[in-house]
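Please read all numbers here as calculations on a predicted model, not as lab measurements.
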Amino acid sequence: MNPGAANVPMKNSHPILSLVKKDLLLEFRQQYTLYGILLYVASTIFVVYLSMGEPEDKVWNGLFWVIQLFVCVNAVAKSFLQESRGRMLYFYSIAGPRDFILSKLLFNLLLMLAMSLLSLGVFTVLLGNPIQKMPAFIGIACLGGMSLGLVFTFLAAIAAKAQQQSALMAIMGFPIIIPQLLLLMKIANAAFSDVVQGGFWQMVVLLVALDLMVVALAVILFPFLWKD
């Protein structure tokens with residue numbers, strides 16, 4: 001057993017909360033990983049600023065979500081790839097497969113929520129603020145970041161059982177994430193104009209439904225991967 005895997009007691013709290021606490025402790029202990037993600041966010045947006053200055057609304061919106069995609073890949077994809085076989089055997093002995101996958105989904109959801117707010121802050125400082133409805137866009141950014149986090153956590157769980165994890169995530173993720181990105185960009189367009197966009201709430205409900213479907217698929221399918 002890896003002694004650094006988790007030193008969190010499971011008896012007095014729910015396994016999901018204990019596993020989330022374990023991931024949080026590891027992030028704070030391995031600060032180079034967190035700092036690497038923060039550096040990636042800041043440097044990527046700064047390079048965009050140097051090359052484009054303050055882009056127009058649609059370009060700003062598109063760049064924000066594309067950068068969020070790459071931030072998500074760097075931040076979330078490692079969630080299963082960093083778990084050794086010894087750690088997985090330890091988790092197998094203290095928690096069930098559904099508790100484990102739900103804890104990963106919850107942790108990465110919170111991580112992407114923080115990364116989305118950070119990216120939005122750096123974006124508005126360097127690339128200007130063309131947003132007409134800032135509270136609405138903040139909500140959309142949080143929802144979109146959490147949606148990306150859920151999808152890539154699910155993909156990382158599947159890819160972790162394969163030898164070519166990165167390649168498998170790219171192959172599986174492309175047909176899934178592109179429609180979601182297009183939907184997010186269309187929803188976010190409503191925050192760049194004072195005009196009320198038709199079908200806005202229907203698109204939001206569709207995005208939430210997709211998120212719930214990802215969670216349901218993860219809960220149903222991960223126990224089969226867990227046994228391996």
Side-chain angles (χ1 to χ4, degrees), residues 36-79 105 108-156 166 169-193 195 197-215:
I37 297 172
L38 297 178
L39 178 61
Y40 177 84
V41 173
S43 59
T44 303
I45 299 174
F46 184 67
V47 169
V48 172
Y49 165 72
L50 292 178
S51 60
M52 301 191 65
E54 296 185 2
E56 60 180 11
D57 298 0
K58 291 184 178 180
V59 177
W60 195 101
N61 188 31
L63 286 172
F64 178 81
W65 292 111
V66 170
I67 290 177
Q68 284 297 95
L69 172 62
F70 288 106
V71 169
C72 184
V73 171
N74 282 275
V76 173
K78 64 180 178 60
S79 59
L105 290 169
N108 288 324
L109 182 148
L110 295 174
L111 178 62
M112 279 308 300
L113 176 61
M115 291 296 106
S116 298
L117 294 175
L118 174 65
S119 298
L120 179 58
V122 179
F123 247 77
T124 54
V125 170
L126 295 180
L127 302 183
N129 183 13
I131 303 171
Q132 300 293 326
K133 302 175 183 176
M134 180 56 75
F137 191 84
I138 292 175
I140 296 169
C142 292
L143 178 61
M146 292 187 293
S147 299
L148 295 174
L150 290 175
V151 171
F152 275 97
T153 302
F154 177 52
L155 294 178
S166 300
M169 280 193 63
I171 294 171
M172 293 189 303
F174 183 78
I176 298 175
I177 211 64
I178 293 302
Q180 189 178 43
L181 275 180
L182 294 175
L183 181 60
L184 283 170
M185 292 178 188
K186 194 168 183 179
I187 293 173
N189 281 332
F192 290 87
S193 174
V195 180
Q197 180 178 345
F200 173 80
W201 289 110
Q202 288 84 347
M203 290 186 291
V204 172
V205 171
L206 176 59
L207 182 62
V208 173
L210 290 174
D211 294 342
L212 294 176
M213 183 182 68
V214 170
V215 174

**Student:** Give, for atom CG of Leu184 and atom OG of Ser147, the distance between the pair rounded to the nearest 0.5 Å.
**Tutor:**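 Interatomic distance, Leu184 CG to Ser147 OG, rounded to 0.5 Å: 6.0 Å.
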
**Student:** With a 3.5 Å cut-off and sequence neighbours excluded, list the donor-acceptor pairs that the side chains of residues 63-71 form with protein atoms.
**Tutor:**
unit_1, atom_1, unit_2, atom_2, d
Trp65, NE1, Asn61, OD1, 3.0
Gln68, OE1, Ser119, OG, 2.9
Gln68, NE2, Ser116, OG, 2.8

**Student:** Testing the basics here: between Cys72 and Met112, what is the closest heavy-atom pair and its distance to 0.1 Å?
**Tutor:**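 Looks like CA-SD, 3.6 Å.
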
**Student:** More than 12 non-hydrogen atoms from neighbouring residues, nucleotides or ligands closer than 6.0 Å to OH on Tyr40, yes or no?
**Tutor:**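 More than 12 heavy atoms, drawn from other residues, nucleotides or ligands, come within 6.0 Å of this atom.
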
**Student:** Measuring only between side-chain heavy atoms, which start at C-beta, is Ile187 closer than 4.5 Å to Leu143?
**Tutor:**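 The answer is no, as the side chains (C-beta and beyond) never meet within the 4.5 Å cut-off.
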
**Student:** Between Cys142 and Leu117, what is the shortest heavy-atom contact and its length?
**Tutor:**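 Looking at all heavy atoms of both residues, the closest pair is SG-CD2, 3.6 Å.
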
**Student:** Which heavy-atom pair separates Leu126 from Ile45 by the least distance, and what is that distance?
**Tutor:**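 Taking Leu126 first and Ile45 second, the nearest heavy atoms are CD1-CG2, 4.0 Å.
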
**Student:** Ignoring hydrogens, what is the shortest heavy-atom contact between Ile176 and Pro179? Give both atom names and the distance.
**Tutor:**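 Here Ile176 and Pro179 meet closest at O-CD, 3.4 Å.
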
**Student:** Quick one: does any side-chain atom of Thr44 pair with a main-chain N or O of Val41 as donor and acceptor, under 3.5 Å?
**Tutor:**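 It does not hold such a pair.
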
**Student:** In Å, rounded to the nearest 0.5 Å, how long is the span from CD of Glu54 to OG1 of Thr124?
**Tutor:**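 Output value for this atom pair is 10.5 Å.
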
**Student:** Looking at every non-hydrogen atom in both residues, tell me the closest pair between Pro130 and Asp57 and how far apart they are.
**Tutor:**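 That would be CB-OD1, 3.1 Å.
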
**Student:** Assess the residue pair Leu120 and Ile131 against the criterion (side chain to side chain contact (heavy atoms under 4.5 Å, CB included)); give the C-alpha distance rounded to whole Å, side-chain angles, the decisive distance to 0.1 Å, and a yes or no.
**Tutor:** CA-CA 11 Å; Leu120 179 58; Ile131 303 171; 4.2 Å; yes

**Student:** Name the residue from Asn189, Val205, Ile140 that meets the side-chain contact (heavy atoms from CB on, under 4.5 Å) definition with Phe200.
**Tutor:**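 Of all the options given, the one that passes is Ile140.
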
**Student:** Under the rule for ring-ring contact (aromatic ring centres under 6.0 Å, His included), what residues qualify as partners of Phe192, not counting sequence neighbours?
**Tutor:**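 Here the qualifying residues are Trp60, Phe137.
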
**Student:** The test is side chain to side chain contact (heavy atoms under 4.5 Å, CB included); show your working for Asp211 and Gln180 and say whether it passes.
**Tutor:** CA-CA 10 Å; Asp211 294 342; Gln180 189 178 43; 3.7 Å; yes

**Student:** Indicate the atoms forming the closest heavy-atom contact of Leu113 with Met146, along with that distance.
**Tutor:**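 Closest pair (atom of Leu113, atom of Met146, distance): CB-CG, 4.3 Å.
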
**Student:** Using 0.5 Å steps for rounding, measure from the CG atom of Leu148 to the OG1 atom of Thr153.
**Tutor:**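 Here the interatomic distance stands at 10.5 Å.
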
**Student:** Using 0.5 Å steps for rounding, measure from the CE atom of Met213 to the CG atom of Leu210.
**Tutor:**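 Reported to 0.5 Å precision, the distance equals 5.0 Å.
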
**Student:** Quick one: do Phe152 and Ile177 satisfy side chain to side chain contact (heavy atoms under 4.5 Å, CB included)? Show the steps, please.
**Tutor:** CA-CA 9 Å; Phe152 275 97; Ile177 211 64; 3.7 Å; yes

**Student:** Assess whether side chain to side chain contact (heavy atoms under 4.5 Å, CB included) is satisfied between Met134 and Asn129, documenting all intermediate values.
**Tutor:** CA-CA 9 Å; Met134 180 56 75; Asn129 183 13; 3.3 Å; yes

